[in-house]
A.B. asks: 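What follows is a single structure, and I will ask about it in a moment.
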There are 2 protein chains.
Amino acid sequence: MPPGTAPLETGEAQDAPREDPAPEAAPGTETVATSAEELGRPATIRDVAALARVSHQTVHRFLQGYEGIRPATRERVVEALAALEYRPNLTARSLTTGRSMRIGALTHELDQFGPSKIIQGAAQAARDAGYVLDILSLDMGDPDEIDRALQTVTQHDLAGVLALASTDHMAQAFGTANFRVPAFLAGEEDEFASDHPSQLTSVGFPALIDHLAELGHRRLLHLAGPSAWSAARNRARAFEAAVAAHGLVSAGVVHGDWTARSGHEVVSALPSSLDFTAVVAANDQMALGALLALRERDLRVPEDMSITGVDDIPDAAYFSPPLTTLRVDFVAQGRRAVEHLLARIAGREPEDDDALISQLVVRRSTDATAR
Amino acid sequence: MPPGTAPLETGEAQDAPREDPAPEAAPGTETVATSAEELGRPATIRDVAALARVSHQTVHRFLQGYEGIRPATRERVVEALAALEYRPNLTARSLTTGRSMRIGALTHELDQFGPSKIIQGAAQAARDAGYVLDILSLDMGDPDEIDRALQTVTQHDLAGVLALASTDHMAQAFGTANFRVPAFLAGEEDEFASDHPSQLTSVGFPALIDHLAELGHRRLLHLAGPSAWSAARNRARAFEAAVAAHGLVSAGVVHGDWTARSGHEVVSALPSSLDFTAVVAANDQMALGALLALRERDLRVPEDMSITGVDDIPDAAYFSPPLTTLRVDFVAQGRRAVEHLLARIAGREPEDDDALISQLVVRRSTDATAR
DNA sequence: CGGGATCTTGTTACCGGTCACATTCGACGC
DNA sequence: GCGTCGAATGTGACCGGTAACAAGATCCCG
């Protein structure tokens with residue numbers, strides 16, 4: 001016998017002229033809040049029910065979109081909902097349903113351009129779907145981190161998990177983890193991945209290599225990313241494939257770690273006589289480092305050496321010289337990752353989407369080779 | 001009369017040799033799960049209580065660190081906790097307490113270096129404190145966005161809100177919003193802010209201007225950020241103050257929008273005869289754009305013109321030439337913002353922390369002036 | 001106009017912690 | 001050996017939604 005938690009007095013007070021909704025506490029009658037201010041706290045479904053003089057279940061049904069509510073009743077509910085500015089408490093909802101409107105994003109490279117753009121796109125897509133993105137930042141290197149993240153996930157009743165890390169380490173940890181909820185591993189790069197082989201010969205790297213071939217370059221050096229990153233491997237593979245397809249020659253593949261510093265180091269360490277006329281870097285930062293290293297070796301870009309990047313970071317257009325590169329749509333990748341995850345959460349098959357194609361942006365860092 | 005939800009049979013089964021904990025369902029006796037696997041779902045506090053043959057409240061007390069539990073009892077609880085791999089359900093906890101272990105981060109410039117680094121630091125600090133950072137990405141320009149964010153906050157029972165936006169627009173919207181929970185507005189930049197006036201004359205900009213003065217520069221141009229950003233205004237003010245303190249001359253302040261593109265535009269648009277010998281940009285990107293514009297005007301850096309930035313983005317060391325800049329510790333700023341917020345959540349006064357000082361990094365973009 | 005089918009609405013319990021209060025236990029004093 | 005008091009532990013309700021089921025209202029038809 002709960003003491004009148006939800007008083008259902010069918011008093012006349014409500015039917016009286018709206019002008020005088022003064023809280024006249026009739027004896028034995030619980031006063032019913034008629035406005036959000038009067039309540040002083042977020043309205044609950046029962047507050048609304050009391051004001052509408054229905055059961056909380058009727059309010060609930062209305063909120064679920066149930067049709068079989070008498071118009072008169074429905075109207076009272078609608079009014080009460082508005083008067084109390086009702087917003088469902090998502091925590092309470094999560095408790096019963098066991099699921100929340102939250103997506104966990106596992107990540108650890110928030111400071112890099114690609115990943116942070118992906119997060120941006122993912123956050124947008126999540127928001128558009130009414131979800132919130134929880135950042136689960138990982139300290140890589142500590143193997144327990146994945147476990148900790150996993151615990152966080154289960155403790156927070158997340159609706160799903162998006163793994164935005166792109167290293168093998170992460171992919172592996174992710175693969176063995178059991179999140180108990182839908183999960184989706186988003187590589188930084190889909191386009192060059194092996195399950196889109198058709199893309200390899202249509203746009204992106206082929207267009208880039210094509211561009212260099214047209215300028216007369218025959219021997220190309222690839223400045224690749226760290227091989228533990230799938231994106232780095234994919235790009236290296238795409239490079240090799242495109243070079244072969246054009247009958248050009250790969251002068252080798254050297255590895256950096258995505259940073260300008262590594263690009264600078266690697267290029268500085270090359271032997272003094274270079275048997276290639278263009279450097280194809282796997283990202284713009286490394287290209288930047290290479291640019292400086294070439295300058296320090298008294299090689300002019302593009303007269304003596306052409307150089308290209310991938311990503312098209314905003315700064316790339318203002319390097320000296322401006323960088324020819326492949327523009328990658330990271331925001332779209334992030335959006336898409338979330339959409340895939342949401343599909344999985346809903347039990348749907350993700351819709352087959354068009355391949356994200358990167359676009360060649362020609363700037364001054366490439367030109368006809370003198371050699 | 002709840003039907004034995006938490007069976008408290010003091011059966012002997014538990015005291016029997018550990019070797020045989022087979023689930024022998026005695027008639028009229030609910031079986032008690034003795035391991036996480038057997039349960040097949042996350043263990044609740046009542047599962048633990050049943051296994052430990054205590055009330056759920058005793059388990060609760062243990063978890064709260066209550067001391068007055070008899071050793072024998074305590075031991076059973078500890079064992080049950082471990083056997084069932086109990087993890088509190090944070091959603092349920094939030095429901096009763098009305099607070100969660102989540103911090104909302106309002107942001108809209110996730111792709112910029114500073115903000116994304118700040119988020120990184122904030123996410124770390126949040127994680128270290130057992131919190132999770134929820135990204136509430138805003139579409140600026142739409143004034144309803146703040147309202148939407150506010151609703152999100154209340155619906156999700158967030159413990160606090162961190163506003164990481166740095167524009168006046170955001171600050172103002174934030175100031176008028178009532179989040180019902182602790183909130184903290186973190187500017188991108190503390191160091192140059194007016195409430196740390198002492199810093200203005202000790203490190204950071206003064207060191208930078210000092211450096212230029214020593215190289216013989218007398219007239220300096222400031223390439224500022226958009227004036228709607230407090231960080232831009234702070235930096236401009238710090239510039240003016242430092243110039244005055246050194247008896248140098250400000251050749252004016254021109255405004256960009258933080259991008260390399262804007263730096264390039266602004267410097268390209270300057271009259272043909274320049275009456276200054278150094279450009280002090282408010283961030284590295286604009287300095288990059290300026291660098292290219294100067295090169296296009298056939299001005300050599302640093303021989304004809306020195307140039308400096310602020311932030312020390314990783315790429316700055318590999319610009320052509322490498323950029324003299326002020327290193328700003330954004331990660332620390334993010335951490336600190338979260339710590340402040342957590343203090344406010346806990347009702348504590350935030351501890352007075354040392355000013356975050358930016359550090360002068362001298363590279364090749366500055367040199368003695370020929371003029 | 002009664003009885004069942006249907007439509008509409010209400011009642012009660014539950015999710016898993018937390019809190020307020022009640023009860024039992026054990027030690028001690030007389 | 002019994003009463004007392006504090007320590008140890010248990011009971012039941014509650015947070016705000018959701019779900020299963022029950023019951024009242026309405027309607028239709030013979």
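Heavy-atom basis, side chains included; hydrogens, waters and symmetry copies ignored. Labels below follow one simple rule: chain letters A, B, ... track the order of the sequence lines, proteins then strands, and each chain is numbered from 1.
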A.B. asks: Can a side chain N or O of B:H60 be found less than 4.0 Å away from OP1 or OP2 on C:dG17?
C.D. replies: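 No, because none of the side-chain N or O atoms of B:H60 sits under 4.0 Å from OP1 or OP2 of C:dG17.
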A.B. asks: Near DNA chain C, counting only heavy atoms under 4.0 Å, which residues of residues 86-93 of chain A show up?
C.D. replies: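 Listed by number, there are none.
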A.B. asks: Can you list, in residue-number order, the parts of residues 68-78 of chain B that come under 4.0 Å of DNA chain C, counting heavy atoms only?
C.D. replies: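 Within this stretch, B:R70 sit under 4.0 Å of the strand.
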A.B. asks: To the side chain of A:T96, which of C:dC14, C:dT18, D:dC15 is closest?
C.D. replies: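 Among C:dC14, C:dT18, D:dC15, the one nearest the side chain of A:T96 is C:dC14.
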A.B. asks: For A:T58, which residues count as a side-chain hydrogen bond (donor to acceptor under 3.5 Å, both in side chains) partner, sequence neighbours excluded?
C.D. replies: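 With neighbours one apart ignored, the set is A:S55.
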A.B. asks: Between side-chain atoms of residues 121-133 of chain A and protein atoms elsewhere (two or more places apart, or another chain), which donor-acceptor pairs fall under 3.5 Å?
C.D. replies:
{"unit_1": "A:Q124", "atom_1": "OE1", "unit_2": "A:R335", "atom_2": "NH1", "d": "3.1"}
{"unit_1": "A:R127", "atom_1": "NH1", "unit_2": "B:S137", "atom_2": "O", "d": "3.2"}
{"unit_1": "A:R127", "atom_1": "NH1", "unit_2": "B:E145", "atom_2": "OE1", "d": "2.7"}
{"unit_1": "A:D128", "atom_1": "OD2", "unit_2": "A:R335", "atom_2": "NH2", "d": "2.9"}

A.B. asks: Which of the following nucleotides, D:dT9, C:dG10, D:dG12, is nearest to the side chain of B:T58?
C.D. replies: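 Of the candidates, D:dT9 comes closest.
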A.B. asks: Of the nucleotides D:dG17, D:dG10, D:dT18, which has the atom closest to the A:T44 side chain?
C.D. replies: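 Of the options given, the side chain of A:T44 lies nearest D:dG17.
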A.B. asks: Quick one: does any side-chain atom of B:T73 pair with a main-chain N or O of B:I69 as donor and acceptor, under 3.5 Å?
C.D. replies: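 Side chain of B:T73 to backbone of B:I69: no pair is present.
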A.B. asks: Determine whether B:D134 and A:I135 make a side-chain contact, defined as any pair of heavy atoms from C-beta on separated by less than 4.5 Å.
C.D. replies: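 Not in contact.
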A.B. asks: Rounded to whole angstroms, how far apart are CZ on B:R41 and C1' on C:dG16?
C.D. replies: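 Value for this atom pair: 10 Å.
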A.B. asks: Counting only side-chain N and O atoms of A:Q57, is one of them less than 4.0 Å from OP1 or OP2 of D:dA19?
C.D. replies: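 No, because none of the side-chain N or O atoms of A:Q57 sits under 4.0 Å from OP1 or OP2 of D:dA19.
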A.B. asks: Report the distance from atom CZ of B:R46 to atom P of D:dT11, rounded to the nearest whole Å.
C.D. replies: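 Going from CZ in B:R46 over to P in D:dT11 covers 11 Å.
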A.B. asks: For A:P42, which residues count as a side-chain contact (heavy atoms from CB on, under 4.5 Å) partner, sequence neighbours excluded?
C.D. replies: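 A:P42: side-chain contact (heavy atoms from CB on, under 4.5 Å) contacts with B:R180.
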A.B. asks: Could I get the full list of side-chain contact (heavy atoms from CB on, under 4.5 Å) partners for B:A332, not counting sequence neighbours?
C.D. replies: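 B:A332 satisfies side-chain contact (heavy atoms from CB on, under 4.5 Å) with B:D329, B:L356 only.
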A.B. asks: Suppose the criterion is side chain to side chain donor-acceptor pair (under 3.5 Å): which pairs have a residue in residues 59-70 of chain A, not counting sequence neighbours?
C.D. replies: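 Non-adjacent pairs meeting side chain to side chain donor-acceptor pair (under 3.5 Å): zero.
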A.B. asks: Check residues 85-93 of chain B and write down every donor-acceptor pair under 3.5 Å in which the side-chain atom is one partner and the other belongs to a residue at least two apart or another chain.
C.D. replies:
{"unit_1": "B:N89", "atom_1": "OD1", "unit_2": "B:T91", "atom_2": "N", "d": "2.8"}
{"unit_1": "B:N89", "atom_1": "OD1", "unit_2": "B:A92", "atom_2": "N", "d": "3.0"}
{"unit_1": "B:T91", "atom_1": "OG1", "unit_2": "A:D157", "atom_2": "OD2", "d": "2.6"}

A.B. asks: What residues, two or more places apart in sequence or in another chain, satisfy side-chain contact (heavy atoms from CB on, under 4.5 Å) together with B:A343?
C.D. replies: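 Applying side-chain contact (heavy atoms from CB on, under 4.5 Å) to B:A343 gives B:R348, B:P350.
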A.B. asks: According to side-chain contact (heavy atoms from CB on, under 4.5 Å), who are the partners of A:E75, at least two apart in sequence or on a separate chain?
C.D. replies: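 A:E79.
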A.B. asks: What residues in residues 152-161 of chain B put a non-hydrogen atom under 4.0 Å from any atom of DNA chain D?
C.D. replies: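 DNA chain D contact set from residues 152-161 of chain B: none.
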A.B. asks: I'd like to check the salt bridge (Lys or Arg N to Asp or Glu O under 4.0 Å) partners of B:R41; sequence neighbours left out, ordered by chain and number.
C.D. replies: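 B:R41 satisfies salt bridge (Lys or Arg N to Asp or Glu O under 4.0 Å) with B:D47 only.
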A.B. asks: Taking atom P of C:dA13 as reference, at what distance in whole Å does atom NE2 of A:H56 sit?
C.D. replies: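 Rounding to the nearest Å, NE2 of A:H56 and P of C:dA13 are 12 Å apart.
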A.B. asks: In whole Å, what is the span from the CZ atom of B:R53 to the P atom of D:dG10?
C.D. replies: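 Those two atoms, CZ and P, are 11 Å apart.
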A.B. asks: Between C:dA13, D:dT9, C:dG10, which one does the side chain of A:R61 approach most closely?
C.D. replies: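 So the nucleotide nearest the side chain must be C:dG10.
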A.B. asks: Rounded to whole angstrom units, what separation is found between the CG atom of A:L84 and the P atom of D:dG17?
C.D. replies: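 It works out to 12 Å between those atoms.
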